[in-house]
There are 2 protein chains.
Amino acid sequence: MTKEKPIPGAYGARSRAADTGQRVYEALRQKAIDYTLRPGERVNEVRLASELDVSRTPVRAGLNRLVSEGFLKLVPNKGFYRPAIDIETIRSLFEMRSAIELLSVRLFCERAGDDQIDALEHLATVFQRADDTLSVPQIVDEDERFHESIAHGSRNSEAARLLSDMNSRMRFLRLVALERQNCNQVTGEDHARIARAIRTRDSAQAVALMREHIDLMLNDVTEIAREAVVRIYLGAGASESGDNTFS
Amino acid sequence: MTKEKPIPGAYGARSRAADTGQRVYEALRQKAIDYTLRPGERVNEVRLASELDVSRTPVRAGLNRLVSEGFLKLVPNKGFYRPAIDIETIRSLFEMRSAIELLSVRLFCERAGDDQIDALEHLATVFQRADDTLSVPQIVDEDERFHESIAHGSRNSEAARLLSDMNSRMRFLRLVALERQNCNQVTGEDHARIARAIRTRDSAQAVALMREHIDLMLNDVTEIAREAVVRIYLGAGASESGDNTFS
DNA sequence: GCGTTTGATTGTGTATACACTTAAGATGAC
DNA sequence: GTCATCTTAAGTGTATACACAATCAAACGC
């Protein structure tokens, strides 16, 4: 064992720190989203800290926040755990997301300004036009953008916040789901239809379409979960972020 | 025979170890719920730490968790803030709670076992019978118990978790709301009706009743918020816990 | 007088030290 | 060989030290 850090007073080398906390938090969040932190495993704070080149303090701060977001569980005196993947939780996520989206789209119809509707239609159009030139991760990005802009336009801050959380936790699953059923075309058309219903302020119709659009995935939950587990443990999961995107 | 821990209490003021983290977290959460941490104000970590007789470390851990639960905001280099009360957020909370409850009651009808329905009916009956012998905080307790047991029985873990969070954040508001409109009697009857609809597995009816039951408060949001602000700044709010801790 | 600058104070953000808990490996008894 | 106990290593939980950012106030210039 070699001694390091013999000089407690010499701070200069590390003193940059403007946004350490936020940076670490986002890095951890990303690791949780793409399942670099594997389900069922304990999170090693020391290892994470040295990987991110910081001390354990900001790491623990970030981990604590991820607990309340549902990404991690804290077992006293044992540490932080990434919860195991189980069908019940996945189903819960899809169902809750559905409830939030249905609320959002209804409120959007009632409250959104015409400019916001324009923006939404634009998103749907661009998405539909881009067609199959997009990679699967890009499709998920577009899909999230569409849905979250509805949540924002609904002027319900909780809906926006919670939908964003849900989407982060489900991102990997939706990646798998979209890849399986080749949904890009279908998704684009769905969005366009929803946008049209919103344009006419037909809230009932918009809600119905949205329900249909979302519930599609609920049917395949079991298959999606199974596929996801395989991906995670074969290490193919992290490929979406950064440079190495497959198509 | 398990090994005897030689000195559980001998560390004295230094390290009581047992459950400090959890205890501190719950204390902070309570302070957030009853608005001992005042809206718009910065949270002073040092003061909190000395009040709770611990160091800043577990305090910061707890505060970080409360950020993700929506109780606090973190402004870099300035600290943790309790967000100011504003009508938009309160309305968002009521709306989101409604969406979660409607999902819960529908799923409950579909999935709950007969024993869970029995338990629910029991809650409703006891509540209704207790009538006006209950104090307002007790009524809120009973009300939360009823609704959260529906969320649990729905077998949707996200619904249960999020409803619990929402209720905590709204607890103070509901206290005010119930006190204003003298709802105890009405609430009890509503619960009984909902329970009857659930008994017959009439999900549409149950959802309709629940919507009606919850949306009552939405109408008074503005008044409720105004009253709440008065209470908070007059310091009368903390009285519900029976523990006069505002200092 | 009024605005600007600068000094001191307060408080946050991170690193590090240390105590305690848990888990695993080694040693010994039977 | 198997089980129990001791030893030891690893890792979490808390406290503390210290650098830096923000804030307030007093001094100064105009």
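Not one side-chain nitrogen or oxygen of A/Thr20 sits closer than 4.0 Å to the OP1 or OP2 atom of C/dG13. Phosphate contact (OP1/OP2 of D/dT14, side-chain N/O of B/Thr57, threshold under 4.0 Å): absent. Contact between the side-chain N/O atoms of A/Arg60 and the OP1/OP2 oxygens of D/dT12 is not found at any separation under 4.0 Å.
Distance A/Phe80 CZ to D/dT12 P: 9 Å, rounded to the nearest Å. Between A/Arg47 atom CZ and D/dT12 atom P the separation is 10 Å, expressed in whole Å. In this entry the distance linking CD of A/Gln22 with P of C/dT12 reads 18 Å, nearest Å. In this structure, B/Leu52 atom CG and D/dT14 atom C1' are separated by 14 Å, rounded to whole Å. Between A/Asn77 atom CG and C/dT21 atom P the separation is 7 Å, expressed in whole Å. We find that CG of B/Leu63 is positioned 15 Å from P of C/dT14, with the value rounded to whole Å. Summarising the geometry, the separation between CG on A/Leu48 and P on C/dT14 is reported as 16 Å, rounded to the nearest angstrom.
The overall bend of the helix from C/dG1-D/dC30 to C/dC30-D/dG1, read as the angle between its terminal helix axes built from five base pairs each, is 10° when rounded to 10 degrees.
Judged by atom type and distance alone, A/Arg56 does not reach the base of D/dG11 through any side-chain donor-acceptor pair under 3.5 Å.
Checked against salt bridge (charged side-chain N to carboxylate O under 4.0 Å, His left out), B/Arg97 has the following partners two or more places apart in sequence or in another chain: B/Glu101. Residues satisfying the side-chain hydrogen bond (donor to acceptor under 3.5 Å, both in side chains) criterion with B/Arg226, sequence neighbours excluded, are absent altogether.
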Any protein N or O atoms within reach of nucleotides 7-11 of chain C? Criterion: under 3.5 Å, listing atom names and distances.
{"residue": "C/dG11", "atom": "OP1", "partner": "B/Asn44", "partner atom": "ND2", "Å": "3.0"}
{"residue": "C/dG11", "atom": "O3'", "partner": "B/Arg42", "partner atom": "NH1", "Å": "3.2"}

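The two residues B/Ile90 and B/Ala225 come nearest to each other via the heavy atoms CD1-CB, 3.5 Å.
The salt bridge (charged side-chain N to carboxylate O under 4.0 Å, His left out) pairs that include a residue from residues 56-73 of chain B are B/Arg29-B/Glu69, B/Glu45-B/Arg56, B/Glu45-B/Arg60, where partners are two or more places apart or lie in different chains. Applying the salt bridge (charged side-chain N to carboxylate O under 4.0 Å, His left out) rule to pairs touching residues 83-94 of chain A yields A/Glu88-A/Arg91, A/Arg91-A/Glu95, sequence neighbours excluded.
When distances run from any side-chain atom of A/Pro58 to the nucleotides C/dA15, C/dT12, C/dT21, the shortest one goes to C/dA15.
Using a 3.5 Å distance cut-off with no hydrogens or angles, the side chains of A/Gln22 and A/Glu26 do pair a donor with an acceptor. A/Asp34 and A/Thr36 share a donor-acceptor pair across their side chains, judged by distance under 3.5 Å alone.
Only one option out of A/Arg174, A/Glu144, A/His147 pairs with A/Asn167 in a side-chain hydrogen bond (donor to acceptor under 3.5 Å, both in side chains); it is A/Arg174.
Using a cut-off of 4.0 Å between Lys/Arg side-chain N and Asp/Glu carboxylate O, B/Arg161 and B/Glu148 are scored as not salt-bridged.
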